[in-house]
Novice: 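Here it is, the structure in full.
These numbers were taken from a predicted model, which means no experiment stands behind them.
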Amino acid sequence: SNNALHGLQVSDTSEITLEGNDLTNNGSNGLVIFDEAQVAARNNRSTANGNNGFSALGASIMILETNVCSDNATSGIRYGDDSSGTAWGNQCSGNALSGFIIAERAMPVLEDNITTQNTESGFAYLDNAGGEARGNESSGNGYHGFGIHDAASPLVEDNNCTNNTETGIVYFGNSAGTAQNNKATGNGFHGFEVQEQASPTITGNVCSSNDEAGIRVSGESTPHIEDNKCASNGLSGIIVKESARPLIHNNTFINNVEAGMLFEEMGAGTATGNEIFGNKWGVYLDDNAYPELNSNEIYNNSSANVYDRR
């Protein structure tokens, strides 16, 4: 602790195990590993550092179990360059950027971690990063539960993204990958959001009780949205706008305050096999929206099953 640079630096081809250490108040990272080093760190506390709590660079392998990574000036845990490894059961809260940052070409597996009260996102994927995030809790963060940027393409599965200030899981840029069987509920904006040219697959998720939309699709994005349940959202089950062209198949849109499916501006794409009921409008079509609608079950919506302004 209290070092001018790092609490601990591991490089070359070193292999070490760290357990029960206090890595706090260092000028840069609590722990940083480089080159082809391999570190297994368990039950350590890495807090209030000037950069990251734990950082893996080069082609290193970082295995983290049940560490506390809080109140760092960048992230609790960062995997960058070509690093890999696993992070299981760690707690990352109160960091000035995100709980986890996965950047460059890193491909870690992240399981059963808790990320709360971070200034930006619980998990941020940047550049061409990938890997897997499974069974994590990401709640109460200042931006998003998961922010997936650039050309990142992780598998995001069985996570709980609740009560984040903005969105549960959001895709930017040219990002892709798959989000499946997640819960994105009670968020200040949307359960899911897909922007710009992103093209993820979003399947089997629950997107309910968000302040605005269960799923919002915009820009020129082309996501595949299938087998999701979007219920009781403050605006619509799904909003498609700008020039987005999603494939929307076999979803359930129920009891949303406005529309089950809302297409506005030049929103288009294809919607087939969806069940839409209990909303104000089943499907709302704005003046210049031209989606292809086939074989949807639309019934018992209070104002109109299909409201077509074209």
Novice: Under the side-chain hydrogen bond (donor to acceptor under 3.5 Å, both in side chains) test against N95, which residue among D71, N118, T74 passes?
Specialist: N118
Novice: Go through the steps to decide whether N305 and I298 satisfy the test side-chain contact (heavy atoms from CB on, under 4.5 Å), and finish with yes or no.
Specialist: CA-CA 6 Å; N305 287 324; I298 310 171; 3.7 Å; yes
Novice: Is the count of non-hydrogen atoms from other residues, nucleotides or ligands lying under 6.0 Å from F172 atom CZ greater than 12?
Specialist: yes
Novice: With N205 as reference, evaluate N181, D158, N182, N159 under the side-chain hydrogen bond (donor to acceptor under 3.5 Å, both in side chains) test and give the passing residue.
Specialist: N182
Novice: Within a radius of less than 6.0 Å around CZ of R105, do more than 12 heavy atoms belonging to other residues, nucleotides or ligands occur?
Specialist: yes
Novice: Assess R216 against F192: is NZ or CZ under 6.0 Å from the centre of the six-membered ring, and within 45 degrees of the ring's axis?
Specialist: no
Novice: Applying side-chain contact (heavy atoms from CB on, under 4.5 Å) to T115 and N141, what does each step give before you reach the verdict?
Specialist: CA-CA 8 Å; T115 61; N141 297 289; 4.1 Å; yes
Novice: Would you say that N274 contacts T252 through its side chain, given a criterion of any heavy-atom pair below 4.5 Å between the two side chains?
Specialist: no
Novice: Identify the two heavy atoms, one from A268 and one from P246, that lie closest to each other, and give their separation to 0.1 Å.
Specialist: O-CD, 3.5 Å
Novice: Can you confirm whether D286 sits close enough to R309 that some side-chain heavy atom of one is under 4.5 Å from a side-chain heavy atom of the other?
Specialist: yes
Novice: Scan for ring-ring contact (aromatic ring centres under 6.0 Å, His included) pairs involving residues 60-101, sequence neighbours excluded, and state none if there are none.
Specialist: F100-F123
Novice: Looking at residues at least two apart in the chain, or sitting in another chain, which of them share a side-chain contact (heavy atoms from CB on, under 4.5 Å) with S236?
Specialist: I239, E258, A259, L262
Novice: Hey, is CD on E19 packed in by over 12 heavy atoms from elsewhere, all under 6.0 Å?
Specialist: yes
Novice: Parallel under 30°, tilted from 30 to 60°, perpendicular over 60°: which one fits the rings of Y284 and Y307?
Specialist: tilted
Novice: Taking everything shown except E265 itself, do over 12 heavy atoms lie less than 6.0 Å from its CD?
Specialist: yes
Novice: Check the surroundings of atom NZ in K241: do more than 12 heavy atoms from other residues, nucleotides or ligands lie under 6.0 Å from it?
Specialist: yes
